[in-house]
Amino acid sequence: MDTSLERRRFLKTSSALGAAAAFGPLLIACGGHSELSDAEMREMTAAEAVAAIRDGGMSAEAYALALIAQAERRQDLHAFITLNKTGALDAARRIDAAHSAGSSLPPLAGLAIVVKDNINMKDLPTTAGTPALRNAVPMTTAPSLQKLIDAGAIVLGKTNMHELAFGITSTNLSPFAGPVKNPYDTTRIPGGSSGGTAVAIAARMVACGLGTDTGGSTRVPAALTGTAGLRPSVGNGGAERRYTDTNSVVPISHTRDTVGPMGRTVADVALLDSVITGTPIAAAVPLRGLRLGIPATFWNGLDNSLSVVMDAVRTKLVNAGVVLVDVDIVGLTALNDQVSFPVALHEPNIDMPAYLTDSGIVGVTLADIAAQIASPDVKGAYGAVLADVFGAQYAAAVGVYRPALQALYASYFADNALDAILFPTTILPAATIDSVNGSGTVSINGGPPVDTFGTFIRNTDPGSNAGIPGLSIPAGLTAAGLPVGIELDGPLGSDAKLLGIGLAIEALLGRLPAPAL
């Protein structure tokens, strides 16, 4: 029997929990060790890995070792701040011992994940990539992460990020962090601020993990690295907030911040979302008859190389029976501008001190953090925070303009009978790394220099401010081989349906080839 053929069949067919049952016996080697190669294990989706461990085709320890080896081999990408090698292997061995003893395994048993280093995990530092928090160890673990750990997930490490999450490039100039590099082209950014999580996934160090999103920080790096990222519903907080991690994530804005799952596939993202929320895993929805809004505001001014990919996506969707509704969201940009900076540059004054207190981090103040910032772009932004330059505009931003923005989105969905909005996640592919400032300027189609940060969040920021869910999925590669993403935004609370649409579109478009690793 050709066991290599059977392994390939296994990897293709075990896309849901338990789907490996028919192949597990073929993959069990003597002494309980896996016959799968390291390369095969690294290519597994989250569901495939969980199924293989559960059915005996792969040990959790072998899986963890293969991923750790890849993380150590590609340290040049600066994906990690803390590699939790000992902790991950100890956890993997406990899973294997429980499996050998015939014990019932939790739903994510042995799944290795990574966690952005602004999300609290007890007993590991939460640095947010900034010097003042280099040795800050919180007292508790963020609820979303704790649910994954309780379900058997193994934390491989804490990932690198744009310093304090205040940027979109992940060019972190802190001496212990370094600029995160895109595995498709290491001279280019991976996007941010969850760049380390995206790179760890794209570079086959893990199948999935957690990021955070304030204005695009799960979706932009997903788009630029050929992966998937979800920003769950936030709404006005409370019951509208899908993930509840208040004061357990190094904050920018309680109004806008949220943890979000990221993965190599939408199915990986849906699996993590299901465990975090305690809801059924989203299922693909039929594409025929689906109505997707196409607002010109999000489609104008695209980079030419990205536009070619987007045109191909639109053609495939129409051929699959999707109805594209070309109606703009009139007045969106003006409303969004009244919300974005007044919220993001005022609320750290409230939220950072509360976070430090609730996490049990003593001897560090907001002023201490600002004084030690290493990245020039972040230092400039935090200067505006400390000076509270938008303080006078804050009340109107949250009390007048944000409700108006939310109402505008709600009417757009309702008036046009839309299931979701479709648009390019970013308007250009990954830019080159600016290792001097952390974030500088870019040019689109040879035009004049424009601000990198504002350019890359142009399409992701409005939905963030409105608190609606957004999902970025891989759209394809440009002629230069750079990944670009397509985003779906849905009405508040439509997260499961949005994931279902994403699953269907992902199946239509196909998965991207891995970077050269």
Side-chain angles (χ1 to χ4, degrees), residues 68 71-72 75 77-91 113-146 149 154-167 170-180 192-197 199-200 205 209-212 217 245-252 257 259 348-379 381-382 385-386 438:
I68 289 167
E72 292 180 332
Q75 292 181 55
L77 297 175
H78 298 152
F80 284 87
I81 288 178
T82 301
L83 185 63
N84 185 34
K85 183 174 181 179
T86 299
L89 290 175
D90 286 347
I113 64 170
V114 293
V115 181
K116 185 178 180 181
D117 202 19
N118 62 341
I119 300 172
N120 281 0
M121 180 176 173
K122 186 180 179 181
D123 300 328
L124 283 182
T126 298
T127 75
T130 199
L133 297 176
R134 180 70 180 98
N135 299 308
V137 179
M139 298 185 298
T140 58
T141 298
S144 293
L145 174 57
Q146 189 63 56
I149 294 172
I154 294 170
V155 177
L156 204 67
K158 304 292 291 293
T159 48
N160 202 353
M161 54 185 285
H162 206 106
E163 190 172 357
L164 287 164
F166 256 88
S170 295
T171 303
N172 190 326
L173 301 181
S174 297
F176 60 88
V180 188
S193 60
S194 307
T197 295
V199 168
M205 300 170 189
L210 294 180
T212 65
S217 290
D245 296 285
T246 305
N247 287 350
S248 57
V249 176
V250 179
I252 293 177
D257 293 347
V259 169
N349 290 290
I350 306 164
D351 298 339
M352 185 65 83
Y355 164 80
L356 295 170
T357 299
D358 289 354
S359 298
I361 298 170
V362 297
V364 180
T365 66
L366 179 66
D368 294 332
I369 291 170
Q372 297 180 48
I373 290 171
S375 307
D377 60 327
V378 181
K379 201 167 190 67
Y382 244 72
V385 169
L386 291 182

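Not measured: the values here are computed from a predicted model.
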Looking at residues at least two apart in the chain, or sitting in another chain, which of them share a side-chain hydrogen bond (donor to acceptor under 3.5 Å, both in side chains) with Tyr355?
-> Asn120

Value rounded to 0.5 Å, distance of CD1 in Ile119 from OG in Ser248 = 8.5 Å

Please name all residues satisfying salt bridge (charged side-chain N to carboxylate O under 4.0 Å, His left out) with Lys85, sequence neighbours left out, ordered by chain then number.
-> Glu72

Quick one: NZ on Lys122 to CE on Met139, what's the gap to the nearest 0.5 Å?
-> 9.5 Å

In sequence, state the C-alpha distance, the side-chain angles, and the governing distance for Leu145 and Ile113, and then conclude on side chain to side chain contact (heavy atoms under 4.5 Å, CB included).
-> CA-CA 10 Å; Leu145 174 57; Ile113 64 170; 4.0 Å; yes

Looking at residues at least two apart in the chain, or sitting in another chain, which of them share a salt bridge (charged side-chain N to carboxylate O under 4.0 Å, His left out) with Asp358?
-> none

Between Met352 and Leu164, is a side chain to side chain contact (heavy atoms under 4.5 Å, CB included) present by the stated rule, with each step listed?
-> CA-CA 11 Å; Met352 185 65 83; Leu164 287 164; 4.0 Å; yes

Examine distances only and state if a side-chain atom of Thr130 and a backbone atom of Glu163 form a donor-acceptor pair shorter than 3.5 Å.
-> no

Applying side-chain hydrogen bond (donor to acceptor under 3.5 Å, both in side chains), name anything that partners Thr159, two or more places apart in sequence or on another chain.
-> Thr197

From Ile373 CD1 over to Asp368 CG, what is the distance, rounded to the nearest 0.5 angstrom?
-> 11.0 Å

If you round to the nearest 0.5 Å, how far is OG1 of Thr212 from CE of Met161?
-> 6.0 Å

Quickly, which of Val250, Asn160, Leu133, Thr127 forms a side-chain contact (heavy atoms from CB on, under 4.5 Å) with Asp117? Name it, please.
-> Thr127

With sequence neighbours excluded, residues passing ring pair (Phe, Tyr, Trp, His ring centres under 6.0 Å) with Phe80 | none

Once you round to the nearest 0.5 Å, how far does CG of Leu124 lie from CG of Asn84?
-> 5.0 Å

Ser193 vs Lys116 side-chain heavy atoms within contact, under 4.5 Å = yes

How many angstroms lie between atom OG1 of Thr126 and atom CG of Asn135, to the nearest 0.5 angstrom?
-> 11.5 Å

Set of residues satisfying side-chain hydrogen bond (donor to acceptor under 3.5 Å, both in side chains) with respect to Asn172, sequence neighbours excluded | Ser174

